Student: 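I'd like to ask you about the structure that follows.
Here, residue 1 is the first one in the sequence, and each next residue gets the next number. Because the structure is predicted, anything quoted here is derived from the model rather than measured. Because only heavy atoms are used, hydrogens play no part in the values below, and waters and symmetry mates are left out as well, while side chains stay in.
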Amino acid sequence: MTVAPNTERNGSSLPAIGDWKTFDDLRTRQRERLGPTLEHARNSPFYAGRLEAGQVLSEVGLTGKSDLRDSYPFGMLGVPRERLATYHESSGSTGNPTPAYFTEAEWTDLADRFVRKTVPIGPQDTMLVRIPYGLVLAGHMAHWAAMRSGATVVPGDCRSLAVPYSRVVRLLRDLEVTLTWSTPSESLLWVAAAKAAGHPAGSFPALRALYVAGEPMSSARRRRIEEIWGAPVIEEYGCTEVGPLASDCPYDRMHFWADRVLPEIYDPQTGAVTAEGTGQLVITPLYREAMPLLRYNLEDVVELRYEDCPCEWKLPTVRVLGRLGMGYTVAGQRLGQIQVEELVYRIPASYGVLFWRARAERDRLVVQIEVPGPHGGDAAASLAASVEAELGVPCVAEAVPAGTLVPSALLAEQLDAMKPRKLFGPDEDWGQAVVRG
């Protein structure tokens with residue numbers, strides 16, 4: 001795997017990829033960090049009463065998301081408040097948000113891990129950050145890491161009224177954006193918005209890669225995004241509490257940054273915690289200062305393996321299989337979003353399917369797909385047959401016109417912001433109390 005030269009280290013004492021040659025070397029480095037990590041955790045009010053002298057990691061119980069919520073806001077703090085640089089919270093997509101805070105020194109670690117990309121960031125790049133800023137870590141982290149690598153950053157916060165999709169398309173085109181950071185879904189919304197503006201995806205030749213994270217992505221959707229944009233998709237996996245945890249290598253395998261964060265696998269059925277296998281991902285950051293975490297259960301179901309890869313990185317591979325509790329039972333079969341998505345994006349690209357939705361009923365799966373052309377019936381029939389053959393459940397698939405699932409007005413909107421007005425002239429309609437700029 002290629003990593004941009006001089007993007008790691010940059011004066012840091014943190015390990016860089018290539019500093020070790022075997023998995024045994026990696027495990028030795030992990031063990032060397034565990035002692036300082038456990039010792040530092042005792043500075044946290046949460047762990048101070050839970051850790052005994054001489055205790056090793058295997059004797060420490062799991063830390064859960066509820067522990068972080070119950071310790072809100074600073075019960076996990078491991079350094080004096082004066083040393084904090086930033087405070088963040090998770091999106092709360094699966095429950096109440098969890099707090100996270102970082103020192104200035106920890107931002108070096110965050111940036112180092114973010115720039116571990118097969119298509120590296122450099123001074124020649126203009127990167128559009130289309131991830132939430134606000135309290136979420138991901139937008140700020142990418143912004144800082146790209147600037148630190150010399151790139152020009154376009155802060156296109158996807159939750160800002162000032163950056164509608166029409167403006168995203170203009171920025172991509174006029175600024176000749178070379179890299180983007182978004183969810184996979186965002187990149188497909190840009191395709192539709194570009195078409196609405198009269199610009200097919202091929203109108204953006206400067207784009208070198210799309211960095212994506214934040215939601216599960218099937219291999220079929222990945223291929224479809226790459227085919228449409230003519231650029232590779234680089235997937236990252238991480239969390240607000242710790243930052244980047246893994247990313248792709250050139251051989252389409254995701255590698256876990258086990259030199260910075262120790263991974264383990266938890267089996268909720270047996271209570272066993274192992275170094276690898278399939279189960280819930282448990283992590284122990286090895287260089288965390290502000291918020292030490294020991295055996296933190298992310299509740300993501302993954303498959304983790306210490307296995308050789310043609311890229312020659314001696315880092316475990318990880319497959320993210322989903323979040324605990326996600327999925328539905330249809331006709332006796334357990335279905336997840338990735339399984340359905342894989343079949344949706346296997347529909348031939350010529351049908352133009354970008355968006356879909358499904359309803360898991362007791363005895364059947366009902367799916368709607370947007371089909372812009374005249375081949376809706378063929379596309380729907382193909383999908384229904386695939387679902388029944390490969391997933392083993394009855395399926396009713398329906399093609400709906402473009403703009404049904406993702407309103408066309410959302411994609412074509414030209415507004416920059418919503419600005420309230422309070423003083424009106426005698427002939428003005430004061431019912432128009434919001435100026436749409």
Side-chain angles (χ1 to χ4, degrees), residues 1-5 7-9 12-41 55-60 62-63 108-118 120 213 234-239 241-267 270-288 292-298 300-321:
M1 182 184 291
T2 302
V3 176
T7 52
E8 281 201 349
R9 288 276 170 74
S12 167
S13 60
L14 294 164
I17 293 177
D19 279 356
W20 62 95
K21 302 301 181 184
T22 68
F23 285 124
D24 285 340
D25 291 342
L26 173 63
R27 293 187 181 99
T28 297
R29 290 173 178 272
Q30 291 170 339
R31 287 193 295 269
E32 289 173 349
R33 285 299 309 166
L34 281 177
T37 297
L38 284 163
E39 187 62 33
H40 182 69
Q55 195 171 16
V56 296
L57 186 66
S58 60
E59 298 170 337
V60 177
L62 302 188
T63 301
T108 298
D109 179 32
L110 289 170
D112 277 354
R113 284 182 278 141
F114 182 82
V115 300
R116 289 176 167 182
K117 298 285 193 294
T118 54
I234 312 299
E235 186 176 11
E236 178 168 298
Y237 170 58
C239 64
E241 298 91 332
V242 177
L245 295 173
S247 190
D248 294 330
C249 82
Y251 295 89
D252 292 333
R253 294 184 181 183
M254 184 173 284
H255 288 266
F256 194 92
W257 306 141
D259 60 316
R260 306 286 181 90
V261 180
L262 176 68
E264 296 179 283
I265 298 298
Y266 170 63
D267 183 343
T270 65
V273 180
T274 55
E276 58 183 316
T278 301
Q280 295 175 26
L281 178 63
V282 172
I283 58 174
T284 300
L286 299 174
Y287 294 88
R288 199 79 164 88
L293 291 170
L294 302 178
R295 294 189 136 185
Y296 177 48
N297 186 3
L298 283 178
D300 287 341
V301 179
V302 306
E303 180 184 4
L304 185 83
R305 301 289 178 194
Y306 284 81
E307 58 186 3
D308 289 332
C309 177
C311 74
E312 299 184 353
W313 276 25
K314 296 305 178 182
L315 289 163
T317 58
V318 61
R319 291 177 58 231
V320 182
L321 304 177

Student: Could you list the residues that satisfy side chain to side chain contact (heavy atoms under 4.5 Å, CB included) with Thr274, not counting sequence neighbours?
Tutor: Ile265
Student: What residues form a side-chain hydrogen bond (donor to acceptor under 3.5 Å, both in side chains) with Ser58, not counting sequence neighbours?
Tutor: none
Student: Could you tell me which residues satisfy side-chain hydrogen bond (donor to acceptor under 3.5 Å, both in side chains) with Tyr266, sequence neighbours excluded, listed by chain and number?
Tutor: none
Student: Could you go step by step and tell me if Ile283 and Glu241 meet the side chain to side chain contact (heavy atoms under 4.5 Å, CB included) rule?
Tutor: CA-CA 11 Å; Ile283 58 174; Glu241 298 91 332; over 6 Å; no
Student: Using the test ring pair (Phe, Tyr, Trp, His ring centres under 6.0 Å), find all partners of Tyr251 that sit at least two apart in sequence or belong to another chain.
Tutor: none
Student: In chain order, what residues pass the side chain to side chain contact (heavy atoms under 4.5 Å, CB included) check against Arg319, with sequence neighbours excluded?
Tutor: Glu303, Leu321
Student: Using side chain to side chain contact (heavy atoms under 4.5 Å, CB included) as the criterion, list what pairs up with Gln55, not counting sequence neighbours.
Tutor: Leu51, Glu52, Glu59, Val60
Student: Taking the inter-plane angle between the rings of Trp257 and Trp313 on a 0 to 90° scale, is it parallel (under 30°), tilted (30 to 60°) or perpendicular (over 60°)?
Tutor: tilted
Student: Can you list the residues that meet the ring pair (Phe, Tyr, Trp, His ring centres under 6.0 Å) rule with Phe114, with sequence neighbours excluded?
Tutor: Trp181
Student: Can you list the residues that meet the side-chain hydrogen bond (donor to acceptor under 3.5 Å, both in side chains) rule with Thr317, with sequence neighbours excluded?
Tutor: Glu307
Student: Using the test side-chain hydrogen bond (donor to acceptor under 3.5 Å, both in side chains), find all partners of Glu235 that sit at least two apart in sequence or belong to another chain.
Tutor: none
Student: Going by salt bridge (Lys or Arg N to Asp or Glu O under 4.0 Å), name the residues that satisfy it together with Asp308, two or more places apart in sequence or in a different chain.
Tutor: Lys314
Student: Which residues satisfy the salt bridge (Lys or Arg N to Asp or Glu O under 4.0 Å) test with Arg33, sequence neighbours excluded?
Tutor: none
Student: Check this for me, if you would: do Arg113 and Asp109 make a salt bridge, where the nitrogen-to-carboxylate-oxygen distance has to be below 4.0 angstrom?
Tutor: yes
Student: Name all residues meeting the salt bridge (Lys or Arg N to Asp or Glu O under 4.0 Å) criterion together with Asp24; count only those two or more places apart in sequence or in a different chain, and write none if there are none.
Tutor: Arg27
